[in-house]
Asker: 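Sharing a structure below in structure tokens format, with a few things to ask.
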Protein chains: 2
Amino acid sequence: MDDKLSLQQFLPYRCNSLAQRISVSLSRIYVRQFGITVPEWRALVALAEYGELQSKQIAAHTSMDKVRVSRAVAIMTEKGLLNRRPCDRDSRAAFLTLTEAGLELYRRIVPEALDWEERLLAPLSEQEQATLFGLLDKLDTRLAELSSD
Amino acid sequence: MDDKLSLQQFLPYRCNSLAQRISVSLSRIYVRQFGITVPEWRALVALAEYGELQSKQIAAHTSMDKVRVSRAVAIMTEKGLLNRRPCDRDSRAAFLTLTEAGLELYRRIVPEALDWEERLLAPLSEQEQATLFGLLDKLDTRLAELSSD
DNA sequence: CGTCACTAGTTACAATTGAAACCATGTCCT
DNA sequence: AGGACATGGTTTCAATTGTAACTAGTGACG
């Protein structure tokens with residue numbers, strides 16, 4: 001067992017600081033240009049992708065906890081980006097969808113986001129990009145294993 | 001330009017949620033078992049690695065801002081994990097080193113941390129691990145490019 | 001029915017964080 | 001020397017966040 005550790009080669013640190021830097025850099029787009037926060041952005045994408053979701057499902061799709069989702073949903077409703085349809089079977093829950101304004105916002109942000117991602121990934125070949133995503137997948141599933149036992 | 005975006009395949013999201021999950025999972029070790037926070041852990045590692053550093057240098061090595069470092073250093077001093085040696089050339093600055101207690105703590109945490117990392121990386125071959133780090137490096141340098149222009 | 005366990009979503013509270021202001025010092029330039 | 005400007009580090013303040021408590025339902029089981 002090595003008794004020395006270099007932050008630069010310690011995966012948790014590397015992931016964290018990379019994610020942090022990506023986040024800061026990218027969030028300039030949706031925060032500054034479009035006035036929404038990261039949680040809102042995630043909810044927006046989830047709703048655009050799946051159509052109609054309850055808060056709980058948004059949480060599941062975006063790996064945010066329910067508090068964060070609740071707040072994002074409140075703000076987005078406020079802004080007129082989404083509407084609630086009460087659920088018959090369960091009056092606590094509501095189905096959420098994007099309003100036309102929400103969809104419109106989505107359509108304006110997505111190209112920018114994808115474009116930014118593309119610029120970030122530019123130095124990697126198609127091959128490397130696929131490898132990267134494959135490795136991230138493996139780590140994800142491994143983490144699930146680790147936390148279950 | 002595609003007009004559709006899947007969170008699951010959007011690199012910023014993937015990185016962020018992976019890093020988040022890693023962080024939560026790992027921090028159980030140093031938060032719960034050893035009573036230190038992530039900023040303290042990072043400072044600890046930097047000092048163990050480089051010996052004697054000013055706050056400013058700790059910040060540089062750990063990609064934390066100076067406020068976070070300042071607070072971590074204050075707490076660690078409080079706990080007797082490090083000592084300050086005033087700098088002759090510049091009385092604002094101080095050189096920081098780990099005390100024996102600090103080193104001792106470091107020596108107890110590192111094996112746990114490395115062991116945890118090893119378990120996380122277990123499903124990847126040596127080859128894949130190297131590839132992963134190589135790709136992270138590329139993204140890091142690419143980010144630097146992007147933010148400079 | 002009634003009550004006990006569970007769940008969807010919100011609120012309250014405390015901790016963590018970063019931006020900006022700040023203090024004290026150092027550096028540069030004339 | 002003496003101002004203007006930069007720098008190491010701390011403090012203040014406001015924003016973001018998660019944990020825990022809570023509200024209001026739902027469902028199962030006697």
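To find a chain, count down the sequence lines: A is the first, B the second, and so on, and within it residues start at 1.
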Asker: Given atom CZ of B:Arg89 and atom C1' of D:dA6, what is their separation to the nearest angstrom?
Answerer: 16 Å
Asker: Report the distance from atom CZ of A:Arg28 to atom P of C:dG18, rounded to the nearest whole Å.
Answerer: 15 Å
Asker: Going by atom types only, do B:Asn16 and A:Ser23 share a side-chain donor-acceptor pair under 3.5 Å?
Answerer: yes
Asker: At a heavy-atom distance below 4.0 Å, what parts of residues 43-72 of chain B sit against DNA chain C?
Answerer: B:Asp65, B:Val67, B:Arg68, B:Arg71
Asker: To the side chain of B:Pro39, which of C:dT25, D:dG9, C:dT17 is closest?
Answerer: C:dT17
Asker: Calculate the interatomic distance between A:Arg42 atom CZ and D:dT17 atom P; express it in whole Å.
Answerer: 10 Å
Asker: In terms of side-chain geometry, is the basic nitrogen of B:Glu128 or A:Lys138 positioned less than 4.0 Å from the acidic oxygen of its partner?
Answerer: yes
Asker: Would you classify A:Ala74 as touching base, sugar-phosphate or nothing, given that sugar-phosphate means primed atoms plus P, OP1 and OP2, and contacts are heavy atoms under 4.0 Å?
Answerer: nothing
Asker: Using only side-chain N and O atoms of B:Ser91, determine if any of them is under 4.0 Å from OP1 or OP2 of C:dG26.
Answerer: yes
Asker: Kindly give the atom pairs (protein nitrogen or oxygen, nucleotide nitrogen or oxygen) under 3.5 Å for nucleotides 1-5 of chain D.
Answerer:
none

Asker: How close do A:Ser55 and A:Leu96 get, heavy atom to heavy atom, and via which atoms?
Answerer: OG-CD1, 3.8 Å
Asker: With salt bridge (charged side-chain N to carboxylate O under 4.0 Å, His left out) as the criterion, how do A:Glu100 and A:Arg107 come out once you've worked through the C-alpha distance, each side chain's angles and the decisive distance to 0.1 Å?
Answerer: CA-CA 10 Å; A:Glu100 188 45 50; A:Arg107 283 193 288 258; 2.9 Å; yes
Asker: Looking only at side chains, do A:Tyr13 and B:Ser63 share a donor and an acceptor under 3.5 Å apart?
Answerer: yes
Asker: One thing to verify: whether A:Arg71 and A:Glu40 come together as a salt bridge, which I'm taking to mean a side-chain N less than 4.0 angstrom from a carboxylate O.
Answerer: no
Asker: Test B:Leu47 against every option in B:Leu82, B:Val73, B:Thr97 by the side-chain contact (heavy atoms from CB on, under 4.5 Å) rule and name the one that passes.
Answerer: B:Leu82
Asker: Indicate yes or no: at least one non-hydrogen side-chain atom of B:Val67 is less than 4.5 angstrom from one of B:Ser70.
Answerer: no
